[in-house]
Amino acid sequence: MRNKNLPLTETVYYILLVLNQPLHGYGAIQEIDLLSNGDVKIAAGTMYGAIENLLKLRWIKEVPSQDKRRRVYQITEDGKNILELETQRMKQLIKVVNKFGY
């Protein structure tokens with residue numbers, strides 16, 4: 001049975017992915033832009049709304065930072081688990097699509 005939190009939005013997937021390293025929100029926005037070759041643009045308001053939701057789900061946590069002006073976040077074990085489940089789900093989709101020659 002599939003996890004009720006799946007599928008993840010593209011935005012949430014990328015946020016969890018880049019927060020494998022500690023980053024502040026703007027740093028995450030920049031990293032996602034880089035990873036997606038500019039295809040995924042996340043506005044600041046979207047990012048901070050997503051961060052609040054991910055904190056509530058306990059998929060990310062705030063971590064200590066040298067920069068007192070910025071809050072830094074990192075993925076939690078729960079977040080890693082959901083990221084892995086979503087990655088496996090997408091891999092399965094690719095297998096199905098490949099059977100049809102795409």
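Bear in mind that the values here come from a model prediction, so they are computed numbers and not experimental data. For the numbers below, each heavy atom of this structure counts, side chains included, while hydrogens, waters and symmetry mates do not.
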Check: Does Tyr73 share a hydrophobic cluster with Val63, counting links as ILVMFWY side-chain heavy atoms below 4.5 Å and allowing steps through other members?
Finding: no
Check: Looking only at heavy atoms, what is the nearest atom pair of Glu62 and Leu55, with distance?
Finding: N-CD2, 4.0 Å
Note to self: To the closest 0.5 Å, what do you measure between CG (Leu54) and CG (Asp78)?
What the structure shows: 12.0 Å
Notebook entry, point to check: When rounded to the nearest 0.5 angstrom, what is the spacing between CE in Met47 and NE2 in His24?
Noted result: 10.5 Å
Margin query: When you compare the side chain of Leu83 with that of Trp59, does any pair of heavy atoms fall below 4.5 Å?
Written below: no
Check: Asp33 side chain to Ile29 main-chain N or O, any donor-acceptor pair under 3.5 Å?
Finding: no
Next item on the list: Please round to the nearest 0.5 Å and tell me the distance separating atom CG of Leu34 and atom CD of Glu31.
Entry: 5.5 Å
Check: Are Met90 and Val96 in one and the same hydrophobic cluster, where Ile, Leu, Val, Met, Phe, Trp and Tyr link if side-chain heavy atoms are under 4.5 Å apart?
Finding: no
Checklist line | Distance-minimising heavy-atom pair for Ile75 and Gly79 | finding: CD1-C, 3.4 Å
Note to self: Given 3.5 Å as the limit, does a donor-acceptor pair link the side chain of Ser36 with the main chain of Ile32, or not?
What the structure shows: yes
Checklist line | Shortest non-hydrogen contact from Tyr26 toward Tyr48 | finding: N-OH, 3.4 Å
Margin query: In the structure I gave you, are the side-chain heavy atoms of Ser65 and Arg70 within less than 4.5 Å of one another anywhere?
Written below: no
Check: To the nearest 0.5 Å, what is the distance between CD (Glu77) and CZ (Arg58)?
Finding: 15.0 Å
Next item on the list: Flag the pair Ile60 / Ile51 as yes when at least one side-chain heavy-atom distance between them is below 4.5 Å, and no otherwise.
Entry: yes
Margin query: side chain to side chain contact (heavy atoms under 4.5 Å, CB included), that's the test. Do Ile82 and Asn3 meet it? Break it down for me.
Written below: CA-CA 8 Å; Ile82 203 75; Asn3 184 296; 3.6 Å; yes
Sequence neighbours excluded and cut-off under 3.5 Å, please list the side-chain donor-acceptor pairs for residues 8-23, or say none.
{"residue": "Thr9", "atom": "OG1", "partner": "Val12", "partner atom": "N", "Å": "3.1"}
{"residue": "Tyr13", "atom": "OH", "partner": "Thr87", "partner atom": "OG1", "Å": "2.7"}
{"residue": "Asn20", "atom": "ND2", "partner": "Leu17", "partner atom": "O", "Å": "2.9"}

Note to self: Is a donor from one side chain sitting under 3.5 angstrom from an acceptor on the other, for Glu84 and Gln88?
What the structure shows: yes
Next item on the list: Name all residues meeting the side-chain hydrogen bond (donor to acceptor under 3.5 Å, both in side chains) criterion together with Gln74; count only those two or more places apart in sequence or in a different chain, and write none if there are none.
Entry: none
